[in-house]
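Below is one structure; the comments refer to it alone.
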Amino acid sequence: MKNKLQIITLNITAAAQVIKIDTETNIKHKEVEGIFISSTRDLWDSEIKLSIDDEEILCPQFEARLLTTTTGLAYKDVAMPLLEKAKGSKVKGEYIDATHGPFSPYKVKIYLMTKQE
């Protein structure tokens, strides 16, 4: 099986914005083996919750920064391991911005580490 990444991109355009996540995993991917996050800014106090096929993966109020990569740290070192079915599974949740101080738009990318047959 081949290692693949499925990316969910969120565009945050306002302070305290809540973005709903409602998508599906790639039908060609067999399973989700991990998750990590990258961003164009620090995610201090920002929260994310996520489920795959109604199975809670990240609970409400989960701090997004706990899954972020940093310079000198490989994504595999921060990724949270999972073992969930992919093949078109529903991915739902929300991201909540917690900007402190002046706001400027930024992006958050949620990476699902998957396997393709």
Ionic contact status for Glu117 with Lys87, cut-off 4.0 Å: yes
In the structure I gave you, are the side-chain heavy atoms of Gln116 and Asn26 within less than 4.5 Å of one another anywhere? no
Can you confirm whether Ile110 sits close enough to Ile21 that some side-chain heavy atom of one is under 4.5 Å from a side-chain heavy atom of the other? yes
First locate atom NZ of Lys30, then atom NZ of Lys4, and finally report the distance between them rounded to the nearest 0.5 Å. 16.0 Å
Is atom CG of Asn11 surrounded by more than 12 heavy atoms (other residues, nucleotides or ligands) closer than 6.0 Å? yes
Does any non-hydrogen side-chain atom of Ile19 lie less than 4.5 Å from one of Val108? no
Less than 4.5 Å apart, any side-chain heavy atom of Asp53 and any of Glu84? no
The reported gap from CD1 in Ile57 to CG in Leu112 (rounded to nearest 0.5 angstrom) is 9.5 Å
Do Leu66 and Met80 have side chains that approach each other closer than 4.5 Å (heavy atoms only, starting at C-beta)? no
In plain terms, say whether Glu31 and Lys85 are close enough for a salt bridge, that is, a side-chain N and a carboxylate O under 4.0 Å apart. no
Would you give the length of the straight line joining atom NZ of Lys90 to atom OG1 of Thr23, rounded to the nearest 0.5 angstrom? 9.0 Å
Using a 4.5 Å cut-off on heavy atoms from C-beta on, say whether the side chain of Thr25 contacts that of Thr114. no
Tell me whether Leu43 is reachable from Val78 by hopping between hydrophobic residues (I, L, V, M, F, W, Y) whose side-chain heavy atoms are closer than 4.5 Å. no
Indicate the ring-plane relationship of Phe36 and Tyr111, choosing parallel, tilted or perpendicular according to the 30° and 60° boundaries. parallel
Taking all non-hydrogen atoms of both residues, which atom of Val32 and which atom of Ala86 are closest, and how far apart? CG2-CB, 4.1 Å
Can you tell me if Lys115 has over 12 outside heavy atoms packed within less than 6.0 Å of its NZ? yes
Should Met113 and Leu5 count as side-chain neighbours, where that means a heavy-atom distance under 4.5 Å? yes
When rounded to the nearest 0.5 angstrom, what distance separates OG in Ser89 from CD1 in Ile27? 8.0 Å
Which atom of Ser46 lies closest to which atom of Ala98, heavy atoms considered: OG-N, 3.1 Å
With distance as the sole test, does Thr40 use its side chain to make a donor-acceptor pair with the main-chain N or O of Lys107 at under 3.5 Å? yes
Any chain of hydrophobic side-chain contacts (each under 4.5 Å) joining Ile52 to Ile8? yes
Point-to-point distance, once rounded to the nearest 0.5 Å, from CD1 of Ile37 to CZ of Arg65: 12.0 Å
Criterion side-chain contact (heavy atoms from CB on, under 4.5 Å) on Phe62 and Leu50, from CA distance to verdict: CA-CA 9 Å; Phe62 188 92; Leu50 200 70; over 6 Å; no
Between Thr9 and Lys109, what is the shortest heavy-atom contact and its length? OG1-CG, 3.9 Å
Find the distance between NZ (Lys49) and CD (Gln61) and round it off to the nearest 0.5 Å. 10.0 Å
Basic-acidic side-chain contact under 4.0 Å: Asp97, Arg41: yes
Shortest non-hydrogen contact between Phe103 and Ala14, atoms and distance: CZ-N, 3.3 Å
